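Each remark here refers to the structure printed beneath this line.
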Amino acid sequence: MYTSFRGVIMDRIIFHIDVNSAYLSWEAAYRLQKQVNCIDLRTIPAVIGGDESKRHGIVLAKSIPAKKYSIQTGESLFSAREKCPSLTIVPPNYKLFMQCSNAMVAIFKEYFPLVERYSIDECFLDYTGMSHHFGSPIQFAHHIKNRIQKELGFTVNIGISTNKLLAKMASDFEKPNKIHTLFPHEIEEKMWPLPVRDLFMVGRSTNTKLLRLGIYTIGDLAKTDKTLLYSHFKSHGYLIHAYANGLDDSTVKPCSPKAKGIGNSTTISFDVTDSTTAKLILLSLTETVCMRLRDSKMTAKMVSISIKSHDFISLSHQMQLTEHTDITHNIYKAVCTLFDEAWNKTPIRHLGVRISSLTSNSNTQLSLLDFDKDNKYTALDESIDKIRLKYGNTAIIRASFLHSGINPLNGGMPEENYPIMSSLL
DNA sequence: TCTGGGGTCCTAGGACCC
DNA sequence: TCTGGGGTCCTAGGACCC
């Protein structure tokens, strides 16, 4: 709720727009546009999936016919194929996905000064006070949905309500290509009968615990005593209780305020059993992370690594640097120390590098002791960044990667000389 | 050849201080 | 020798989202 200039309390009108099976729809629309007489992936059991030979073989998006075989996003392609042997599997094309996402956002920006890009395929819009210009919320939702379908070739669901949570829940109702409202007076009828797992922020683990407590539907949760929920879920209990009752006072925000951290990680196509190889992969991850850091004009003080072993046991280790930096060499030194301290010699499946405690690079002070050395490294990083910007990421690589068989820049989109997706959002 | 990658937030428990 | 207690900071891990 907010007070208008006349002092009248008005309900907000929030839209949540969600692309139906985003990756799959985008690929399908692209193929239809490029090729004549080709089959629409949305009409057959099909998924977008990673490369199994690289151990990236999971379902990233599924068609509605694939969903009928109970194929789930995130499950292995191996098990998806078991459920549906005739399944069509298509690799992801992240460049295309970014273009489709950007094209959709461009349409929203024709009407809305403020678009919250919640993810690559979801946006929140604030329609409050706009009925005057564009008609009733439902009329406008039809207009914008039809425009996207006609001009971009894919469908969206639109949820309409008085806050973001309810709008998001509404867009998740029947799909595809549908508009739903979930106003407060409709909560009891439309949201409370749903399984509690369908509520935003009730994940697998919370769901299991709720079922054990005899809480099966969102309505059950809404009517559960808050203090009981607190005793089992701490502050998360209060959150899901409020959500089950349709309460959310967060506002539609312009893009992402500022990143709290930058990280890249990779699943390696083989198990790594020696520290030389592991550190080479960590270097490639550090390079990408640091390029993104410098690109965002920030410096970092916290460095963390993560290791997932061949048997899927994860661990992480972190350390604070003595001062903020954006120098690849200095961050890599910390990464190596962390790895040596953390690795217990079990074969490694996955490695990650993440930096946080970010601050603007304009207020970073150089250490007096290392002043000359740091200046040299800063100049080196700068020239490398420039060359890569101008001639591509493979134009200059560290000698240690030569003949190593390891990608010199790891993280972001595999196989593509393309900027990191999240940094474009 | 079953199980990705990029994020954010919260909490338990230990270290340390007075 | 019957083992304070409050506070802060840090870390690792886990939960959730897309």
Side-chain angles (χ1 to χ4, degrees), chain A residues 16 18-19 21-23 47-61 71-83 89 91-92 94 97 101 117-124 164-165 168 171-172 197 199-209 230 232-240 243 256-271 285 288-289 292 301-320 338 341-342 349-358 410-414 420-425:
Chain A
H16 180 254
D18 191 334
V19 179
S21 317
Y23 288 181
V47 298
I48 302 294
D51 183 344
E52 285 171 292
S53 71
K54 290 191 171 153
R55 308 202 290 190
H56 292 184
I58 62 152
V59 174
L60 298 161
I71 289 170
Q72 316 259 331
T73 302
E75 82 173 296
S76 67
L77 293 178
F78 181 90
S79 98
R81 222 187 283 99
E82 274 186 335
K83 291 176 180 174
I89 302 174
Y94 291 102
F97 300 162
S101 174
R117 209 165 179 174
Y118 183 70
S119 74
I120 191 166
D121 71 325
E122 288 178 46
C123 287
F124 287 101
K164 286 166 71 177
L165 181 268
K168 183 157 169 59
S171 70
D172 213 31
R197 180 66 173 85
L199 185 67
F200 181 67
M201 291 305 283
V202 174
R204 202 175 36 179
S205 157
T206 304
N207 184 237
T208 307
K209 288 189 212 161
Y230 185 84
H232 286 91
F233 305 100
K234 296 290 183 253
S235 65
H236 194 66
Y238 287 151
L239 181 80
I240 57 177
Y243 282 1
S256 56
K258 60 179 106 166
K260 304 271 168 68
I262 297 173
N264 283 129
S265 62
T266 189
T267 293
I268 306 130
S269 54
F270 53 94
D271 283 345
L285 291 162
T288 325
V289 162
R292 292 172 61 195
K301 198 158 194 246
M302 182 68 78
V303 181
S304 356
I305 60 150
S306 60
I307 303 173
K308 181 152 70 183
S309 67
H310 67 130
D311 44 7
F312 279 82
I313 294 168
S314 298
L315 66 87
S316 64
H317 195 32
Q318 67 180 57
M319 73 186 280
Q320 193 125 26
L338 289 166
E341 287 172 2
R349 176 188 178 88
H350 173 108
L351 286 167
V353 171
R354 171 163 205 86
I355 50 180
S356 51
S357 299
L358 304 183
N410 230 319
M413 298 312 121
I420 310 299
M421 191 162 56
S422 61
S423 67
L424 294 177
L425 276 179

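No experiment lies behind these values; they were computed from the predicted model shown.
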Could you check whether A:Gly261 gets within reach of a base, just the sugar-phosphate, or nothing at all, counting any heavy atom under 4.0 Å?
-> sugar-phosphate
Separation of A:Leu358 atom CG from B:dT8 atom P, in whole Å?
-> 9 Å
If you find the nucleotide of DNA chain B closest to A:Asp311 and the one closest to A:Tyr230, which residue's nucleotide is nearer the 5' end?
-> A:Asp311
What is the nucleic acid contact for A:Phe312, judged by heavy atoms within less than 4.0 Å: base, sugar-phosphate only, or nothing?
-> base
May I ask you to evaluate whether A:Lys54 reaches the phosphate of B:dT1, defined as a side-chain N or O under 4.0 Å from OP1 or OP2?
-> no
Check step by step if side-chain hydrogen bond (donor to acceptor under 3.5 Å, both in side chains) holds for A:Arg354 and A:Ser316.
-> CA-CA 10 Å; A:Arg354 171 163 205 86; A:Ser316 64; over 6 Å; no
Starting at atom CG of A:Asn207, determine the distance to atom P of C:dA15, rounded to an integer number of angstrom.
-> 13 Å
Would you say C:dC16 has OP1 or OP2 under 4.0 Å from some side-chain N or O of A:His236?
-> no
Out of B:dT1, C:dG13, C:dC17, whichever nucleotide has its closest atom nearest the side chain of A:Arg197 | C:dC17
Can you find a side chain N or O atom of A:Arg349 that sits less than 4.0 Å from OP1 or OP2 on B:dG4?
-> yes
For A:Glu122 and A:His16, run side-chain contact (heavy atoms from CB on, under 4.5 Å): C-alpha distance rounded to whole Å, both residues' side-chain angles, the deciding distance at 0.1 Å, then the answer.
-> CA-CA 7 Å; A:Glu122 288 178 46; A:His16 180 254; 2.8 Å; yes
Tell me what A:Ser235 touches on the nucleic acid: a base, only sugar-phosphate, or nothing, going by heavy atoms under 4.0 Å.
-> sugar-phosphate
OP1 or OP2 of B:dG5 under 4.0 Å from side-chain N/O of A:Arg354 = no
For A:Asp18 and C:dC18, give me the distance from atom CG to atom C1', rounded to whole Å.
-> 10 Å
Testing C:dA12, C:dC18, B:dC2 for proximity to the side chain of A:Gln318, the answer is C:dA12
Give A:Thr206 one of three labels, base, sugar-phosphate or nothing, depending on what nucleic acid heavy atoms sit under 4.0 Å from its own.
-> sugar-phosphate
Worked verdict on A:Ser101 versus A:Arg117 for side-chain contact (heavy atoms from CB on, under 4.5 Å) | CA-CA 10 Å; A:Ser101 174; A:Arg117 209 165 179 174; 2.6 Å; yes
Report yes if a side-chain nitrogen or oxygen of A:His350 is closer than 4.0 Å to either non-bridging phosphate oxygen (OP1 or OP2) of B:dG4; otherwise report no.
-> no
Shortest non-hydrogen contact between A:Gly49 and A:Pro92, atoms and distance | O-CD, 3.4 Å
For atom OH of A:Tyr118 and atom P of C:dC17, their distance in whole Å = 8 Å
Pick base, sugar-phosphate or nothing for A:Glu82, based on heavy-atom distances below 4.0 Å to the nucleic acid.
-> nothing
Within the structure, does a side-chain N or O atom of A:Ser79 lie under 4.0 Å from either OP1 or OP2 of B:dC2?
-> no
Contact under 4.0 Å: A:Asn264 side-chain N or O vs B:dG6 OP1/OP2 = yes
Remember a base hit wins even if backbone is also touched, and classify A:Gly203 as base, sugar-phosphate or nothing at under 4.0 Å, heavy atoms.
-> sugar-phosphate
Any side-chain N or O of A:Thr267 less than 4.0 Å from the OP1 or OP2 oxygen of B:dG5?
-> yes
Using 30° and 60° as the class limits, which term best fits the ring planes of A:Phe97 and A:Tyr23: parallel, tilted or perpendicular?
-> parallel
Distance test, side-chain N/O of A:Thr266 to OP1/OP2 of B:dG5, below 4.0 Å | yes
With a non-hydrogen cut-off below 4.0 angstrom, is A:Leu77 in contact with a base, only sugar-phosphate, or nothing?
-> nothing
Nearest of B:dG4, B:dG6, B:dC2 to any side-chain atom of A:Phe78?
-> B:dC2
Non-hydrogen atoms of A:Thr267 and A:His56 that approach each other most closely | O-NE2, 3.1 Å
Which of the following nucleotides, C:dC10, B:dT1, C:dC18, is nearest to the side chain of A:Gln320?
-> C:dC10
Whole Å only: how far is the NE2 atom of A:His317 from the C1' atom of C:dC10?
-> 12 Å
Apply the side-chain contact (heavy atoms from CB on, under 4.5 Å) test between A:Thr266 and each candidate in A:Thr288, A:Asn410, A:Val353; give the one that qualifies.
-> A:Asn410
d(NZ, A:Lys164; P, C:dC18) in whole Å = 13 Å
Nearest to the side chain of A:Ala259, which nucleotide is it out of C:dC18, B:dA12, B:dT8?
-> B:dT8
Between C:dG4 and B:dG14 - P atom distance, rounded Å | 15 Å
Checking all strands, does A:Ser304 fall into the base, sugar-phosphate, or nothing category for heavy-atom contacts under 4.0 angstrom?
-> nothing
Atom CE of A:Met319 to atom P of C:dA12: distance rounded to whole Å?
-> 11 Å
Identify the nucleotide, in any strand shown, that forms a Watson-Crick or G-U wobble pair with C:dC10, with both distances under 3.5 Å; if there is none, say none.
-> B:dG13
Between A:Lys168 and C:dC18, is there a side-chain N or O to OP1/OP2 distance below 4.0 Å?
-> yes
Check A:Gln318 against A:Leu338 and note the closest heavy-atom contact, atom names and distance.
-> C-CD2, 3.5 Å
Atom CG of A:Asn410 and atom P of B:dG4: how far apart are they, to the nearest Å?
-> 15 Å
Check whether any side-chain N or O of A:Ser205 sits under 4.0 Å from OP1 or OP2 of C:dA15, and answer yes or no.
-> yes
